[in-house]
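Order of listing sets the numbers, starting from 1, for every ligand and every atom in it. Computed from a prediction, not measured in an experiment: that's the story for all the values here.
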Amino acid sequence: MLYPQSNPLRQSIDLSGFWDFRFDPEDAGLSAGWANGFTGGYPIAVPASWNDQFEDWRDYLGPAWYQTRFDLPWGWEERRVYLRFGSVNYLAEIWLNGVRLGQHEGGHLPFEFDITPHVKREGNLLVVRVEGELAPDRVPPGNVPPDPLDTFAGINYPDTTFDFFPFCGIHRPVLLYAVPYDAIADLTVVTEIVENRGIVRVHLDRTTADSATARFVLRGHGTEVMAELPAAEETVEAVLTVPGAAFWSPEEPNLYELAVELMRGGEAFDRYTLPVGIRTIAVEGDALLLNGRPLMLKGFGRHEDFPITGRGLVPAVIVKDYALMKWIGANSFRTSHYPYSEQMMDLADRLGFLVIDETPAVGLFFREEGLERRLELCRQYVRELIARDKNHPSVIMWSLANEPHSKRPAAKAFFRDLYDLAKSLDPTRPVTVVSMLGETEEAFEFCDVVCLNRYYGWYTECGQLDKGCRKLSEELDALHAKYPKPLILTEFGADTIPGCHAQPPEMFSEEYQAEMLTRYIEILNSKPYVVGQHVWNMCDFKTGQSVRRMGGFNYKGVFTRDRRPKLAAHRLRELWTGEGTKGG
Ligand code: GCB
């Protein structure tokens, strides 16, 4: 799925801004005809979550209604026009000029509609109904009835199966875009390295099968390689060879620009340009190899989370977060626990970050009721995620889920299904499941990389880092003996109140967090099969309310929610860059 772009042959405009908004706690909007437009709304910012924009509605999860009006730009009559949502959490239902366009389930992934038959030159009314209630047959699930095997039930308010606030609303830009009727529909780029040559395979999907020429030009680093092929079918395959190629890596995130054009009579009628990083990713024995060289991932699990805007896109926060990750010496992160914005992914390519790209499947449980529906949703998420992110060199692995409650036998077949689906859609990248179970996680039998979350010295062995670290070391060796594959510790950390100090270190103090992370990293560095260390979390973040979450926050950030370093941030910088800093 291509992100809309503007050039002389296609155009995209952003409908972000202040829209009209109404809460609908009685769920009366549909029968009252709000799909045809409503009155009495108040202004709301799009994109952003609704929860923190108003006085009293923080814990309200929907339904709620958005509307805006727009005119088409000049010259769009001859074009096919689409309406595209980057992310609406959780359920979106959309009407244009009173015509129901459809619905989409699940946040964090884009969806679009061909609105050509319904759109007018001017005075268009777009209405969106959003609903984010938590339910056992949704993914991620919520309001799950208690069960001894699924210990999360009823411990949070709102009653999530996961540890972050269930922000709702239109979270990413809403775009209108226009393309020719005969257009480039999709591009899939796969790269290989042969000695010093880069091989770039491009698969082009068209909307129309009609005679044309497809031109592929790859430019950059002093090279230009071109292929021109007859294109009468709906697909075209091109192979471009770049001699002496500048490969993509975190140290040197070299990108080429691929321009693809459809032409007739020597003139282009559609064009799309895509950044391309030439790199390979592979698992070999205990190693994770980028361009044939072993990787060590250093970085974080994160969240898209910021005051007031909630889970809405804030470009300045993205820039700041990458600056902080560079400063601290991180080269990697996981999009815990859902796909991040397309803007975040673009910058990962440009700045050289290695991304474990995770679907929104967090807090899964495997009781029979609703299981088939949850599986179908997870399949949809895998398809949508790979369609969206397959061309990013920064994406080195797909994560199917975070911390599933896999104790029931159904879990293994569930993940085998998703693993096979991911591999059939993208055979080039490793696939994993991030687990808290350790040896009893049966999905590790077929996953390419073992990803484990551990909190010894925090949730267990409270205050006892010696004991906790011994347990960690022993468990890692046992896990690796059972599943001899590369292992990433995808989460470890301690809640830390900024300004709380203790000597000797004590839980919740800045010293305890710094000490715990240091000790863990020493252990991880001593195990040759450990290929990654992701601290939980980069920043403090909003959660529901529970006895574990003071003021409704998870304080495991090494930066505060407004991005100020705690003591541990300085310590990590020393460990990861070898450079000392004040306070470290
Ligand atoms: C975990 C979860 C993460 C939580 C974290 C914690 O294992 O994957 O979502 O926030 O623990 O802090 O408890």
A.B. asks: Counting only heavy atoms, which portion of R549 has something under 4.0 Å from ligand 1: side chain, backbone, both, or neither?
C.D. replies: side chain

A.B. asks: Is there a heavy atom of F541 sitting under 4.0 angstrom from any atom of ligand 1?
C.D. replies: yes

A.B. asks: Where's the contact between F162 and ligand 1, heavy-atom distance under 4.0 Å: side chain, backbone, both or neither?
C.D. replies: neither

A.B. asks: So which protein heavy atom does atom 2 (C) of ligand 1 come closest to, and at what separation?
C.D. replies: E491 OE1, 3.2 Å

A.B. asks: For atom 4 (C) of ligand 1, grab the closest protein heavy atom and report residue, atom and distance to one decimal in Å.
C.D. replies: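 Protein heavy atom at minimum distance: D163 OD2, 3.2 Å.
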
A.B. asks: Could you tell me whether F164 approaches ligand 1 through its side chain, its backbone, both or neither, with non-hydrogen atoms closer than 4.0 Å?
C.D. replies: neither

A.B. asks: Is it true that K527 and E522 have a side-chain N and a carboxylate O under 4.0 angstrom from each other?
C.D. replies: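 No, no charged N to carboxylate O under 4.0 Å.
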
A.B. asks: What part of V434, side chain, backbone, both or neither, has a heavy atom within less than 4.0 angstrom of ligand 1?
C.D. replies: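 Neither; no heavy atom under 4.0 Å.
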
A.B. asks: May I ask you to check if R416 and F446 form a cation-pi contact, with NZ or CZ under 6.0 angstrom from the six-membered ring centre and within 45° of the axis?
C.D. replies: yes

A.B. asks: Cation-pi check for F541 against R302: NZ or CZ below 6.0 Å from the six-membered ring centre and within 45 degrees of the axis, yes or no?
C.D. replies: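 Negative - R302 is either too far from the ring of F541 or too far off its axis.
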
A.B. asks: I want to check a possible cation-pi pair here: K542 against F553, using under 6.0 Å from ring centre and within 45° of the ring axis as the test.
C.D. replies: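 Checked: cation-pi criterion met.
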
A.B. asks: Any heavy atom of Y459 closer to ligand 1 than 4.0 angstrom?
C.D. replies: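 The answer is yes: ligand 1 sits under 4.0 Å from a heavy atom of Y459.
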
A.B. asks: Answer yes or no for R454: is there a heavy-atom contact with ligand 1 below 4.0 Å?
C.D. replies: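 Per 4.0 Å heavy-atom rule, R454 does not contact ligand 1.
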
A.B. asks: Would you mind telling me if ligand 1 is within reach of the side chain of N402, the backbone, both or neither, using heavy atoms under 4.0 Å?
C.D. replies: side chain

A.B. asks: Heavy atoms only, cut-off 4.0 Å: how does K556 contact ligand 1, side chain, backbone, both, or neither?
C.D. replies: side chain

A.B. asks: What residue and atom, counting heavy atoms only, is the protein's closest point to atom 7 (O) of ligand 1, and at what distance?
C.D. replies: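 Of the protein heavy atoms, E403 OE2, 2.3 Å lies nearest.
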
